[in-house]
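A quick write-up on the structure given underneath.
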Amino acid sequence: MPHDGRSWAGFPELRASEAGAPDIGPPLPVPEAAATDRVLRFAGAALAAVYVPGAGEEELRLTEKVGCAISEYGLPERLPVSGGSPAAYAFRTGRPLWLNPPELASYPEGGPMPPRAELSLGALPLGSDGTRLGCLVVVGAARTGFEAEHQRFLERYADAVAGLLQAATGRPAPAPLLGPALQSLRVGSFVLVPNTGLVEADDTMLELVGITPDDFDGKADTLLAHALPEDMHALMSVLEPATPAFGRRELEFRVRRPTGEMRWLNLNCRLVLGTDDRPDQVLGVVTATSVLRRSADDVSRIQWLTAALDDATEVRDVGRVVVAALREPLGADRVALAELREDRLTVTMLDPPQPSAWPESWRAQWRSEWPDAPVSALPTLQLALRDGRTDLWPAGTAFEPGLVGIGNGGLAVLPLPAKGRPAGVCLVGWDQPHEFAPEERSLLTATAALVGQALKRAHAHDAEQELATLLQRSLLPRRLPELPGGTAVARYLPARRGLQVGGDWYDVIALSEDRVALVIGDVQGHSAGAATIMGQMRTAVRAYAVEGHPPDVVMSHANRLLVGMETDLFATCCYAELDMDGGTTLFVRAGHLAPLVRHPDGRTEEVQVEGGLPLGVLAEAEFPMTSVVLAPGTVLALVTDGLVESADLPLDEGMRRTATALAEADPADPGRMADALLGDAGRREDDVAVLLLRYDGMKTRPTRAGWAVWRLPDAVMHARRFTARTLRRWKVEEATDAVLLVVSELVTNALVHTQGPVSVDLTLRAGRVRVSVSDSSPRAPAKPVIVDWEATGGRGLLLVEAMSESFGSVPVAGGKQVWSEIAVPRREPAPGDAEPPPEGGSPP
């Protein structure tokens, strides 16, 4: 790769893909030498070299060197131990030597060649347990010498090199030291191109974040996806640097590793400007922060903890904040958080989350109550809860069986006080012996007080949300009906702020065997009052629909009902009545969003439904109907505005996105289509309801015939003749006797006991004949309880029920419909017939 020779030589430059170009694919692995060069250069060193004693320890021999300026600066291959070089001085005295350019110029030998006025040098002795092993020489290009922070890092680097050098004692030839020593310090490096969002990261950097090299695609977003949301704002200032104020940045952030472990990382970076003085590259190093900083930083951590707990509304959120505040900063191996409920402890957070990280006795009731859950069974915790003080137990302490294995190297027990009584307890455990510093006790005590109050608030919030969820679920359908010729699915998501109960509702109403009504609506507001109105409106719409009213009448009745409630809330609603046989759909819209239709070819559009006022605004409002014919394979989508509109999402753009998602989804699975429409809603400002219907068409098309009964003396005879003609035409004469009996009784009852028009409708489907007799009386027919020998009537309905497979009555607009279904008997072949007679032939 080309290098930026103007400044920061040795940092590879990433190639940005052109707009619209294909994906560049996974990045090439960063060579170990390049990663080492980057980290050293960031620490102010352009060159690092190792000198070890030669035969007889009379000279120091150069064995290895790395850096981005190897070809620019030469170092002597051999230096006398008794000479005046900086390396020989550090080797003899065992003390590091830091030289700025003027000081380096005073040394006659051992400096880089050719000499330059801007070069500085550091010589660090390599030793272990009093043994002199060699010297590490670093060369820098800063006129002021190495900064104090760089010196501390390079001294740690020298210790790591010395450790590897000691381990290699006795080998015939020294193995590479400088690269492995840097890896042992777990310092990762990266180069970011702000304009493209592309980043080149070494293996150590990826390991710290928790990404394998094979899974890294070279994009900054992939790294950011592992960061905690609370730290995203600070990281975005690195990804999108502001040139005048950027300078050199140092910050701490947290990542969530694939195992569930949370880790603190330290980021140190600086900006490189291009030829036009615009940000060209961001160069940085990342290290793990395993030890809690002291002094003034403790104050900032408590401030951060206070702010984070203030935003933690749920118990699980409090648990995540506790883990972030304690585990990684204290170098702990385990953190457990448990609530105290009466005299029992209930675990709410375990980190790490893997069962193998916790004692065997905990795994049987994983994430449930603790083993021997009563507090009396855990004396260590009972004592801490009773006294209300933080207990710090050193390594080797003997605990009761329920706590064995949690903190063999040290255990901190933190009671969590809230309003004068404990709300729970937090355990922090170490596997290796841990020394508790005084500052840690102060931090743990302060943390416990804050967490206890937050846990109490979160528990009350969770209880409130659980009650709201139960209320919402009780007001919405538990399940949707199975429909002939179609599949309906629905999704509901509550708002994620405030009370998680809202006014959105949906319903699927089977009006008859071949008609269905789809309803979706939204009551203004997010409160128990809105949910109550929502439940009343859903019940009212269902009742009016089941009565048999057309869609416009259903909406008009619901509107008058809401106006009469004298509430300040209004509601929007979209109602669709679908004929599952022919696909004809009648839409009515009351201030609601227009429905979406996905055609069988994938084309998606809004249905242009003429709208009316929202419900509850004007009692005399009109709600015109719009008729649309759906073809088999069409998907109908009804949504609420919480899906398509928010503070940062205009309604038109939200509808466009929803239409696109509907077009791209696979109609073979309506459930997944609904999930695709929801997408990642993030922190929703409003609750969301989605109702989908995939219309497939009826597999068996019914055959129908109807007859208007005239109120004449021989009306029943004409109805019977119509029925007989129809059954012969349908070739189901086998059911004639039963059907004629049913028609006679039902028509007679309608003529005798009702006024107004009477009609007979016959339907043949799947081997059954359905007889439906409609009249203008809303009263359902009543069967007599007792029929004695002297009674002159009352036996008709008993005969109808006896002859029918099923029998009932449903309300319809302006009256009722009494129906009966009679199974068509199978024909039995005559004796001696080899084949049954053809369908429609004469019965045997």
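In this structure, the separation between SG on Cys573 and CZ on Arg589 is 11.5 Å, given to the nearest 0.5 Å. With rounding to the nearest 0.5 angstrom, the CG atom of Leu578 is 9.0 Å from the CG atom of Leu483. Put simply, CD on Glu577 and CG on Leu586 are 6.0 Å apart, with the number rounded to the nearest 0.5 Å. Considering OG1 of Thr604 and CD of Glu664, their distance stands at 9.5 Å, rounded to 0.5 Å. For the atom pair CZ (Arg515) and OG1 (Thr585), the distance works out to 12.0 Å, reported to the nearest 0.5 Å. Atom OH of Tyr506 sits about 5.0 Å away from atom CG of Leu476, to the nearest 0.5 Å.
Residues Val758 and Ala750 share a closest heavy-atom pair of CG1-CB, 3.8 Å. When every heavy atom of Leu662 is checked against every heavy atom of Val597, the shortest pair comes out as CD2-C, 4.5 Å.
Side-chain atoms of Asn559 come within 3.5 Å of backbone atoms of Gly616 as a donor-acceptor pair (strictly under, hydrogens ignored). No side-chain donor-acceptor contact under 3.5 Å links Tyr695 to the backbone of Gly485. Using a distance-only test at 3.5 Å, with no hydrogens or angles considered, no donor-acceptor pair links the side chain of Arg768 to the main chain of Glu821. In this structure a side-chain-to-backbone donor-acceptor pair under 3.5 Å is missing from Arg598 to Gly633. Between the Arg694 side chain and the Val635 main chain, no donor and acceptor come within less than 3.5 Å of each other. At least one donor-acceptor pair under 3.5 Å links the side chain of Thr660 to the backbone N or O of Arg656.
Ring planes of Phe722 and Trp707: parallel class, angle under 30° (limits at 30 and 60°).
With hydrogens and angles left out, the side-chain atoms of Thr754 and Ser777 include no donor and acceptor closer than 3.5 Å. For Thr640 and Asp504, the side-chain atoms include at least one donor-acceptor pair closer than 3.5 Å.
The ring-ring contact (aromatic ring centres under 6.0 Å, His included) analysis of residues 577-622, with sequence neighbours excluded, yields no pairs.
Put simply, the residue from Val554, Ile509, Val541 that forms a side-chain contact (heavy atoms from CB on, under 4.5 Å) with Val546 is Ile509.
Within a 6.0 Å sphere centred on CZ of Arg711, other residues, nucleotides and ligands contribute more than 12 heavy atoms. Surrounding CZ of Arg721 are at most 12 heavy atoms belonging to other residues, nucleotides or ligands under 6.0 Å away. For Arg779, the CZ atom sits in a loose shell: 12 or fewer heavy atoms of surrounding residues, nucleotides or ligands are nearer than 6.0 Å. Annotation: Asp568, atom CG; neighbour count of heavy atoms from other residues, nucleotides and ligands within 6.0 Å does not exceed 12. Around the CD atom of Glu622, the shell of radius 6.0 Å holds no more than 12 heavy atoms that belong to other residues, nucleotides or ligands. Within 6.0 Å of atom CG in Asp675, more than 12 heavy atoms from other residues, nucleotides or ligands are found, so the atom counts as buried in its surroundings. Atom CD of Glu610 has 12 or fewer heavy atoms from other residues, nucleotides or ligands within 6.0 Å.
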| Do Thr572 and Asp641 pass the side-chain contact (heavy atoms from CB on, under 4.5 Å) test, and can you show the C-alpha distance, the side-chain angles, and the key distance before you say yes or no? | CA-CA 10 Å; Thr572 65; Asp641 57 358; over 6 Å; no
| task | Give the intermediate values and the outcome of side-chain contact (heavy atoms from CB on, under 4.5 Å) for residues Trp819 and Ser804. | result | CA-CA 10 Å; Trp819 58 271; Ser804 304; over 6 Å; no
| Residues Leu649, Arg657; criterion side-chain contact (heavy atoms from CB on, under 4.5 Å); working and verdict | CA-CA 10 Å; Leu649 180 63; Arg657 293 184 184 181; 3.6 Å; yes
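With sequence neighbours excluded, the residues forming a side chain to side chain contact (heavy atoms under 4.5 Å, CB included) with His753 are Asn749, listed by chain and number.
Ion pairing of Arg728 with Glu733 is absent here, as no side-chain N (NZ or NE/NH1/NH2) approaches a carboxylate O to less than 4.0 Å. Using a 4.0 Å cut-off between a side-chain N of Lys or Arg and a carboxylate O of Asp or Glu, Arg560 and Glu620 qualify as a salt bridge.
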